[in-house]
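Here the structure is laid out as structure tokens; the discussion comes afterwards.
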Amino acid sequence: MSEHERIIRLKTVLARTGLSRSTMYRKIAEGTFPSQVRISIHGAGWRESAVNRWIADPVSFRNESAVS
């Protein structure tokens with residue numbers, strides 16, 4: 001991860017991807033969408049670069065940290 005990696009929040013991720021919230025979380029569980037990263041005790045977001053990789057090629061995206 002680069003030193004200046006941008007973290008984006010749920011609303012932004014949904015707007016950029018066009019996915020519904022439930023579809024996005026299902027894809028995370030399947031390992032076909034980037035996982036969240038913790039940014040505080042109650043907050044989480046997504047690495048912008050990972051979301052951009054998914055947008056560029058959603059069919060072949062595999063989350064590196066997904067457990068099979």
Side-chain angles (χ1 to χ4, degrees):
M1 182 169 99
S2 88
E3 211 174 294
H4 300 290
E5 176 75 63
R6 191 162 170 230
I7 302 297
I8 55 177
R9 300 299 297 262
L10 179 63
K11 277 179 126 173
T12 304
V13 174
L14 296 178
R16 286 191 186 181
T17 61
L19 297 174
S20 70
R21 184 182 181 129
S22 59
T23 298
M24 184 193 67
Y25 283 115
R26 179 177 44 79
K27 288 181 168 297
I28 290 170
E30 293 170 349
T32 58
F33 193 83
S35 298
Q36 294 173 292
V37 291
R38 275 260 182 246
I39 57 177
S40 69
I41 293 173
H42 298 289
W46 285 261
R47 289 184 176 92
E48 185 175 37
S49 61
V51 173
N52 288 340
R53 274 196 345 262
W54 184 88
I55 290 169
D57 193 6
V59 174
S60 63
F61 181 89
R62 283 312 262 169
N63 196 354
E64 308 82 47
S65 61
V67 179
S68 298

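Numbering of residues begins at 1 and proceeds along the displayed sequence. Keep in mind the model is a prediction, meaning the values are calculated, not measured.
Using a 4.5 Å heavy-atom cutoff, the side chains of Trp46 and Met24 are in contact.
Residue-environment remark: CZ (Arg21) stays at or below the threshold of 12 foreign heavy atoms within 6.0 Å.
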Residues 8-18 side chain polar contacts: donor-acceptor under 3.5 Å, at least two apart:
unit_1: Arg9; atom_1: NE; unit_2: Ala44; atom_2: O; d: 3.1
unit_1: Arg16; atom_1: NH1; unit_2: Glu48; atom_2: OE2; d: 2.8
unit_1: Arg16; atom_1: NH2; unit_2: Glu48; atom_2: OE2; d: 2.9
unit_1: Thr17; atom_1: OG1; unit_2: Val13; atom_2: O; d: 2.9
unit_1: Thr17; atom_1: OG1; unit_2: Leu19; atom_2: N; d: 3.2

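The heavy-atom pair separating Pro34 from Val51 by the smallest distance is CG-N, 4.0 Å. Considering every non-hydrogen atom in both Ala56 and Pro58, the closest pair reads C-CD, 3.9 Å.
To the nearest 0.5 Å, atom CD of residue Glu30 and atom OG1 of residue Thr23 are 9.5 Å apart. Atoms OG and NZ, on Ser22 and Lys27 in that order, are 11.0 Å from each other to the nearest 0.5 Å. Rounding to the nearest 0.5 Å gives a distance of 10.5 Å between OG of Ser60 and CZ of Arg62. One finds the CD atom of Gln36 at 11.0 Å from the CD1 atom of Ile7 (value rounded to the nearest 0.5 Å).
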inquiry  = With side chain to side chain donor-acceptor pair (under 3.5 Å) as the criterion, how do Ser49 and Asn52 come out once you've worked through the C-alpha distance, each side chain's angles and the decisive distance to 0.1 Å?
reply    = CA-CA 5 Å; Ser49 61; Asn52 288 340; over 6 Å; no
task = Take Phe33 and Tyr25 through the side chain to side chain contact (heavy atoms under 4.5 Å, CB included) test and state the conclusion after the steps.
result = CA-CA 8 Å; Phe33 193 83; Tyr25 283 115; over 6 Å; no
